[in-house]
Amino acid sequence: MKLLLLLLLAFCSLSLSRCEEKKFVPYDYSATLACLVIPNKPQYNGGIIMNSDLENGTQGWSQFGNAKVDFRDVGGNKFVVARERNQSSDSVSQKVFLEKGILYTFSAWLQVTNRTAPLSAVFKQNGGYKHAGSVVAESNCWSMLKGGLTVDESGPADLYFESESTTVEIWVDSVSLQPFTQEEWDSHHEQSIEKARKGAVRIRAVNSKGEPIPNATVSIMQNRLGFPFGCAVESNILGNQAYQNWFTKRFTVTTFGNEMKWYSTERIRGKEDYSTADAMLRFFKQHGVAVRGHNIVWADPKYQPEWVKSLSGADLYNAVKRRIVSVVSRYKGQLLGWDVVNEMLHFNFFESKMGPKASYNIYAQAHAVDPRTPMFMNEYNTLEQPGDSASTPARYLQKLRELQTIRVAGYVPLGIGLESHFSTPNIPYMRSALDTFAATGLPIWLTEVDVDAPDNVRARYFEQVLREGHAHPQVKGMVTWTGYSPKGCYRMCLTDGNFRNLPTGDVVDKLIREWGGFRGQTTGVTDADGFFEASLFQGDYDLGITHPLSNSTVSQSFKLTSEDSRPSPLVVRV
């Protein structure tokens, strides 16, 4: 109890000092994928974890369950070990005080003995359990687990580590639990957006002699968002002018919900029909909307064409190969990327019938047909559910590493597709998972964003997810799921049948405006040297400069990209 009171006082003191100084703790986006001989130091110097680097032996740490606990020193590196474990939760533990409304980012360095094994970080509070993250730990080197959590009520909690493999010892070092207020969290968004999504624009107005024109009126209007932001659609958009107008006013990218899938294009074996997908692709090309390819095949047994379900052996192999060549060659070079074997971490239809290398071979064949289009792993519950062991970031990365060994027509340009079907978002975990994926250097997309939650919180949760995705520097685009369907959307719509926004659609419009869309305008006047500067979101712009004396206006277009963080002045003769 005394230790708990000290923890509570320390946390309150820390929170108070932050409020007084308004000097927010910056967020550490780093994550390490390599297994290291010596673990890195704890992030944030451990945050509120006592004796985070185990330099002080047993201080702050205790037994959890029936594990035996040792404190070891190997070559000067000190750590704690849980051994002789009989239950998955037999472990080592530290008691912490968690506060409702605070966002916690967590990290630890872990190792197991004799094999590899999944390890999870869990917080037990009032009989409930919060999974903060997991990693597939190895023996003879240290792996970084990065995660996060929020809690529903304030109070003491026990941090511990668990593994279903009770034959392994769990080694723990460099543990960190860093609290952030919502205000601090929002400040991280602002800082990241300034670096990743915006750029400085310097404009100089001069006359025919090249002399500066002071007090010229500058008007800059955004025509198109630079950050790819979109919405999935189905064939009901064809011929529906109101829906088309609603969509094209807002979005720059889309995904077809069903129309490119195998069960839509080849309902009867050998009779392919791409007419609907072709018509949709033509429409979006005409309106400058990019399209994600979804999908080549789906690993879920339920969503195979009926005639495919009974195939096996060479017959199935030939049918799959024909499908790959047919759909990939038809749309070669026309798509942003392909979801290749959809949801293959949760389902294994092709592996069950074609062997353990089935998905590997499908990626290889698709890449051989279209070597330049990025090939995505598209999966759910990777950001949404820390407790889903099938699709944790660590499991995802294991599969991704297999695909990175493919050598057909060069390296496969891979992409990370995270569906993002949320219920109650664990935002700190979401950010930490994105950090882990960002360490690969591959493009990350949130591919099917929606929220299944009560009406009074759905829009708020939806906004939280979109803001988090947009602010993360390695996220390269987002697609919501979906806009409108007369039969009802999968989990949520953005608009009704009269194309009046629902609350979730209002969130989309609010964010598009904030990011400079809907022809957002920036105005001002040039200084004494003819300069005007502004920080703008990346995108396509129209520029107008009006002479202060003649009232004549000169117009020009320009594009602001991620490469334009500090461009040379754009000189305009007025």
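- In this structure, the salt bridge (Lys or Arg N to Asp or Glu O under 4.0 Å) partners of K399, at least two apart in sequence or on a different chain, are E402.
- Taken to the nearest 0.5 Å, the OG1 atom of T248 stands 7.5 Å off from the CD1 atom of I237.
- A distance of 6.0 Å or more separates the ring centres of Y104 and F106.
- Side-chain contact check for R292 versus T254: every heavy-atom pair is 4.5 Å or farther apart.
- Between the side chain of E384 and the backbone N or O of T382, at least one donor-acceptor pair lies under 3.5 Å.
- You'll find the ring centres of Y484 and Y243 inside the 6.0 Å limit.
- The two residues E379 and S391 have their closest heavy-atom pair at CG-CB, 3.9 Å.
- Atom CD of E448 and atom CG of N378 lie 5.0 Å apart (nearest 0.5 Å).
- Between K41 atom NZ and D173 atom CG the span is 8.0 Å, to the nearest 0.5 Å.
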- Task: Report the C-alpha distance between D529 and R204 in whole Å, list the side-chain angles of each, state the deciding distance to 0.1 Å, and finish with yes or no for side-chain contact (heavy atoms from CB on, under 4.5 Å).
- Result: CA-CA 8 Å; D529 296 315; R204 195 178 197 200; 4.2 Å; yes
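- Side-chain contact check for T522 versus V201: every heavy-atom pair is 4.5 Å or farther apart.
- Between P42 and V175 the shortest side-chain heavy-atom distance does not fall below 4.5 Å.
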- Message: One pair to check against side-chain contact (heavy atoms from CB on, under 4.5 Å): M260 and N295. What are the steps and the verdict?
- Response: CA-CA 6 Å; M260 281 189 180; N295 50 55; over 6 Å; no
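- For the pair K130 and F123, the cation-pi criterion (under 6.0 Å, within 45° of the ring axis) is not fulfilled.
- Minimum interatomic distance between L145 and A121 (heavy atoms only, all atoms of both residues): CD1-N, 4.0 Å.
- Contact between L560 and G199 at its shortest, heavy atoms only, is CD2-O, 3.8 Å.
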- When you look at N223 and Y541, which way does the side-chain contact (heavy atoms from CB on, under 4.5 Å) test go after all the steps? CA-CA 5 Å; N223 279 326; Y541 288 90; over 6 Å; no
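- Remark: of the listed residues Y380, F462, Y461, Y490, Y490 is the sole one forming a ring pair (Phe, Tyr, Trp, His ring centres under 6.0 Å) with H421.
- Q43 is listed as a side-chain neighbour of M144, based on a closest heavy-atom distance under 4.5 Å.
- Atom CG of N236 sits in a crowded spot, with more than 12 heavy atoms from other residues, nucleotides or ligands closer than 6.0 Å.
- W246 CH2 to N240 CG: the interatomic distance, rounded to the nearest 0.5 Å, is 11.5 Å.
- Of all the heavy atoms in V451 and S423, the pair that sits closest is CG1-O, 3.5 Å.
- With hydrogens and angles ignored, the 3.5 Å screen pairs no side-chain donor or acceptor of E234 with any backbone N or O of E259.
- Sorted by first then second residue, the ring pair (Phe, Tyr, Trp, His ring centres under 6.0 Å) pairs that include residues 191-213, not counting sequence neighbours, number zero.
- Minimum interatomic distance between Y429 and L383 (heavy atoms only, all atoms of both residues): CD2-O, 3.5 Å.
- Summarising the geometry, atom CD1 belonging to I545 is positioned 9.5 Å from atom CZ belonging to F532; distances are rounded to the nearest 0.5 Å.
- By the 4.5 Å heavy-atom criterion applied to side chains, L281 and V291 are counted as neighbours.
- Inter-residue side-chain proximity for V233 and T482 is flagged as unmet; no heavy-atom pair is nearer than 4.5 Å.
- Aromatic pair F247/F499: centroids not less than 6.0 angstrom apart.
- With 3.5 Å as the limit, one finds no donor-acceptor pair spanning the side chains of Q474 and T440.
- For the residue pair T553 and T546, a side-chain donor N or O sits within less than 3.5 Å of a side-chain acceptor on the partner.
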- Query: After noting the C-alpha distance and the side-chain angles of V412 and Q404, does the key distance pass the side-chain contact (heavy atoms from CB on, under 4.5 Å) rule?
  - Reply: CA-CA 7 Å; V412 181; Q404 288 176 315; over 6 Å; no
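- Judged by the 6.0 Å distance and 45° axis criteria, R202 is positioned over the aromatic ring of F531.
- Taking the six-membered ring where tryptophan is involved, the planes of Y44 and Y27 are tilted, since the angle between them lies from 30° to 60°.
- Between Y396 and F437, a ring centre-to-centre spacing shorter than 6.0 Å is recorded.
- In summary, the aromatic rings of F227 and H470 are positioned with their centroids under 6.0 Å apart.
- Taking both residues in full, the closest heavy atoms of T373 and P413 are given as O-CG, 3.7 Å, listed atom of the first, atom of the second, then distance.
- Between the side chain of R197 and the main chain of F537, no donor-acceptor pair closer than 3.5 Å is present.
- In this structure, W338 has its ring center no closer than 6.0 Å to that of H367.
- To the nearest 0.5 Å, atom NZ of residue K146 and atom CG of residue D435 are 3.5 Å apart.
- A cation-pi arrangement is absent between R467 and W185, since the terminal nitrogen or guanidinium carbon is not both under 6.0 Å from the aromatic centre and inside a 45° cone about the axis.
- A heavy-atom distance below 4.5 Å is not found between the side chains of W445 and M478.
- Residues I444 and K476 form no side-chain contact, since every pair of their non-hydrogen atoms from C-beta on lies 4.5 Å or further apart.
- Sorted by first and then second residue, the salt bridge (charged side-chain N to carboxylate O under 4.0 Å, His left out) pairs involving residues 540-555 (not counting sequence neighbours) are D540-K559.
- With no hydrogens or angles considered, no side-chain donor-acceptor pair links S562 and Q538 at under 3.5 Å.
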- Query: After noting the C-alpha distance and the side-chain angles of H189 and E468, does the key distance pass the side-chain hydrogen bond (donor to acceptor under 3.5 Å, both in side chains) rule?
  - Reply: CA-CA 7 Å; H189 285 170; E468 198 62 46; 2.9 Å; yes
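- One finds no salt bridge joining K100 and D152 here, because no Lys/Arg side-chain nitrogen approaches an Asp/Glu carboxylate oxygen to under 4.0 Å.
- Taking the ring centroids of H188 and F180, they lie under the 6.0 Å cut-off.
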